[in-house]
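Since this is a predicted model, take the numbers as computed values, not measurements. The chains referred to below are lettered A, B, ... by the order of the sequence lines, with proteins before strands, and numbering in each begins at 1.
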Amino acid sequence: LRLICTTTTVQKKNVGASGPEKYTEAFIKKQIEEFNLGKRHLANMMGEDPETFTQEDIDRAIAYLFPSGLFDKQARPMMKHPTEVFPEQRKIQWGEDGRPFHFLFYTGKQSYYSLMHETYERFLNVQKHQDQLIAKDLPLQKEKRNLAGSRWLTKIELEEMLLEKLSDDDYLRFIQLLQKLVALPCADIEENYIQKFSKEVPVQLQKVVIEPLQYDERGVAFSTGEGKRKTARATAVVYDNGTGKITVNGTDILHYFPVLQDREQLLFPFQFLGRIGKHDMVCTVSGGGRSAQAGAIRLASAKALRSFVTEKEVEFMRQAGLLTVDPRVKERKKPGQEGSRRKFTWKKR
Amino acid sequence: DDRLLTEPLSHPDFFSVKDLFTLKDLFDARVHLGHKKGCRHRFMEPYIFGCRLDQDIIDLDQTVQHLQLALNFTAHVAYRGGIILFVSRKRQFCHLVESTARACGEYAHTRYWQGGLLTNSHVQFGPGVRLPDLLIFLSTLNNVFEPHVAIRDAAKVNIPTVGVVDTNCNPCLITYPIPGNDDSPAAVELYCKLFRMTIIRAKDKRRQSEAIEKLR
């Protein structure tokens with residue numbers, strides 16, 4: 001027989017958990033008062049000024065007084081303001097006489113339905129305005145609203161805004177209504193309202209900045225580039241007015257890369273641009289193997305060459321794959337298999 | 001306070017509801033038009049005046065009587081500070097009904113009716129909810145042309161109902177049925193206007209009576 005020790009709290013049925021509000025305003029107020037009092041006591045204990053005791057000081061004091069080796073940060077003792085501890089809840093929805101405050105209370109999802117009601121009202125407003133303009137024979141404004149740079153609020157953001165759970169269908173319906181509203185020609189009137197539900201999408205096209213050429217003491221133009229491949233990391237400095245000499249980690253490429261394939265890889269960017277004998281290169285490389293180092297230097301030199309070359313040629317290089325980082329890395333070995341893909345020999349019996 | 005509550009009950013038409021509309025208004029708003037003969041509900045036959053080219057015509061004399069009773073009842077409920085819930089599942093009039101409810105200071109439910117709203121209210125809303133004291137149906141059918149669940153639920157929870165019943169509706173469980181058209185925009189706007197005026201009148205009368213009592 002196993003004795004299971006439980007407290008009465010576990011045995012009590014959690015009726016309030018699924019209900020609309022768990023914490024009354026009075027309860028939260030009391031918690032805030034207790035928190036402030038506790039904060040002053042803590043400041044006194046630590047010998048600091050109670051007036052200027054910030055949240056960071058509280059955290060430090062608690063960590064000092066109650067050291068805990070628990071891994072989970074949220075399981076350690078903490079003292080936070082009640083508004084952070086208790087999630088924002090909807091207060092009681094009806095007054096003393098029992099009459100609810102909101103006119104759509106009896107629907108269950110009052111904030112969502114009132115939002116739909118308001119949006120539809122604005123839709124009718126825009127239609128009325130449109131009819132008026134048509135009656136006066138005025139042209140309807142048709143400046144195309146830029147839809148590319150903005151997105152609608154996600155379901156979770158809308159739930160946070162309304163403090164109410166939504167279903168997927170509800171959310172879809174709301175978005176469809178908003179889209180209908182935006183599709184009308186005179187929707188500019190309700191621009192303020194629509195902006196509450198749209199968010200700017202940051203332009204993701206990062207214009208890669210090509211660094212300008214630098215000049216060293218002799219007046220020779222040079223530029224640097226960095227590249228990587230598997231575990232190899234390389235930096236290359238490409239000089240102008242050169243003879244096509246390439247130095248890797250202090251040694252000539254013929255000595256560093258005995259294999260023809262690696263040297264071909266190094267020369268590929270220059271051969272592509274037709275500048276084989278025109279540039280000098282000094283590179284440093286570490287990590288990886290023979291082939292990986294070659295690939296890393298190739299990428300680094302291609303990046304460095306961008307500064308010497310027109311934009312059109314940069315685009316050609318990009319399309320040739322000279323400027324893309326090769327994402328392939330060694331795949332991990334999985335348990336139950338001999339390697340990353342190879343399985344153990346299958347035996348029938 | 002006792003006198004405030006008992007005084008209106010002694011008059012048959014304390015809120016002069018009869019002056020709000022005439023038979024001609026109902027006719028102009030096309031309240032007498034019903035559905036086709038095939039859609040007729042058996043229990044609506046007493047309220048139907050006749051059938052013309054397969055379309056049922058509702059007897060407006062009976063409508064006038066029923067409407068007066070219903071408006072009188074809503075006025076009394078509103079006078080006593082009761083919660084009135086407007087219910088309609090017609091999508092065209094959803095916005096109109098909600099705006100009417102808001103204008104009166106009462107409540108509306110023109111959306112999907114969740115099963116346990118009236119019968120399981122303590123779990124849905126929380127302990128200590130006050131349920132509506134009157135349900136007004138601007139259309140007793142839901143989107144699948146079946147009787148609205150709220151009629152049966154209100155009868156279960158002893159809440160009186162007022163409802164506009166069309167020729168294809170079942171008037172059985174409704175306490176104050178109003179035989180009339182529920183599909184034309186003109187008819188529904190007329191109903192909304194009448195309900196709004198009665199409720200506002202009743203509430204104003206209540207405030208006046210309370211003010212007079214206070215002065216004494």
Side-chain angles (χ1 to χ4, degrees), chain A residues 13-25 89-128 162-174 176-177 180-181, chain B residues 77-78 80-89 91-136 149-150 153-154 157 159 185 196 199 203 206 210:
Chain A
K13 225 175 21 156
N14 207 354
V15 171
S18 50
E21 32 58 61
K22 303 175 218 179
Y23 317 112
T24 52
E25 271 211 57
Q89 298 260 321
R90 291 217 319 261
K91 298 112 194 170
I92 300 184
Q93 308 285 329
W94 53 87
E96 270 175 20
D97 56 352
R99 291 186 76 106
F101 296 130
H102 200 273
F103 78 108
L104 288 175
F105 169 76
Y106 288 106
T107 54
K109 305 182 211 167
Q110 68 179 47
S111 352
Y112 169 69
Y113 286 132
S114 77
L115 184 72
M116 292 291 275
H117 177 79
E118 211 193 317
T119 316
Y120 191 67
E121 202 170 311
R122 292 191 188 248
F123 182 80
L124 290 175
N125 212 14
V126 170
Q127 275 188 333
K128 208 171 67 169
L162 300 175
L163 291 177
E164 219 172 44
K165 283 265 181 300
L166 291 179
S167 79
D168 288 331
D169 285 326
D170 292 338
Y171 173 70
L172 269 175
R173 278 199 176 241
F174 177 62
Q176 279 167 1
L177 187 58
K180 265 173 77 168
L181 175 59
Chain B
V77 169
R80 296 161 95 87
I83 297 181
I84 300 179
L85 187 62
F86 286 85
V87 179
S88 163
R89 203 57 181 102
R91 243 186 92 120
Q92 309 154 276
F93 310 119
C94 151
H95 186 85
L96 174 66
V97 170
E98 287 183 342
S99 334
T100 323
R102 199 191 233 173
C104 303
E106 298 295 342
Y107 308 87
H109 185 110
T110 54
R111 310 285 178 166
Y112 177 74
W113 181 273
Q114 283 169 316
L117 267 186
L118 293 178
T119 42
N120 203 12
S121 58
H122 290 292
V123 168
Q124 291 252 344
F125 297 116
V129 206
R130 189 176 148 185
L131 286 181
D133 300 306
L134 173 66
L135 251 57
I136 301 186
V149 178
D153 281 352
V157 197
I159 297 175
R196 190 173 60 236
I199 294 172
K203 288 189 174 170
R206 173 68 183 229
E210 279 183 344

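Looking only at heavy-atom pairs under 4.5 Å with chain A, the residue among B:A101, B:G105, B:C104, B:G82 that has the most is B:G82.
The heavy-atom pair separating B:Y112 from A:Y113 by the smallest distance is N-OH, 4.2 Å.
With sequence neighbours excluded, no residue satisfies side-chain hydrogen bond (donor to acceptor under 3.5 Å, both in side chains) with A:D97.
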Give every donor-acceptor pair under 3.5 Å between a side-chain atom in residues 101-109 of chain A and any protein atom, sequence neighbours left out.
from, atom 1, to, atom 2, distance (Å)
A:H102, ND1, A:L104, N, 3.1
A:Y106, OH, B:R130, O, 2.4
A:T107, OG1, A:L104, O, 2.6
A:K109, NZ, A:D170, OD2, 2.7

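Here the straight-line distance linking atom CD of B:E98 with atom CE of A:M116 works out to 10.0 Å at 0.5 Å rounding. Taken from SG in B:C94 to NE2 in A:H117, the straight-line distance is 8.0 Å, to the nearest 0.5 Å. Between atom CZ of residue A:F123 and atom NE2 of residue B:H95 there is a gap of 11.5 Å, rounded to the nearest 0.5 Å.
Looking at B:L117, the atoms closer than 4.5 Å to chain A (heavy atoms on both sides) all sit in the side chain, from C-beta outward. When heavy atoms are compared at a cutoff of 4.5 Å, B:S99 approaches chain A by way of both its backbone and its side chain.
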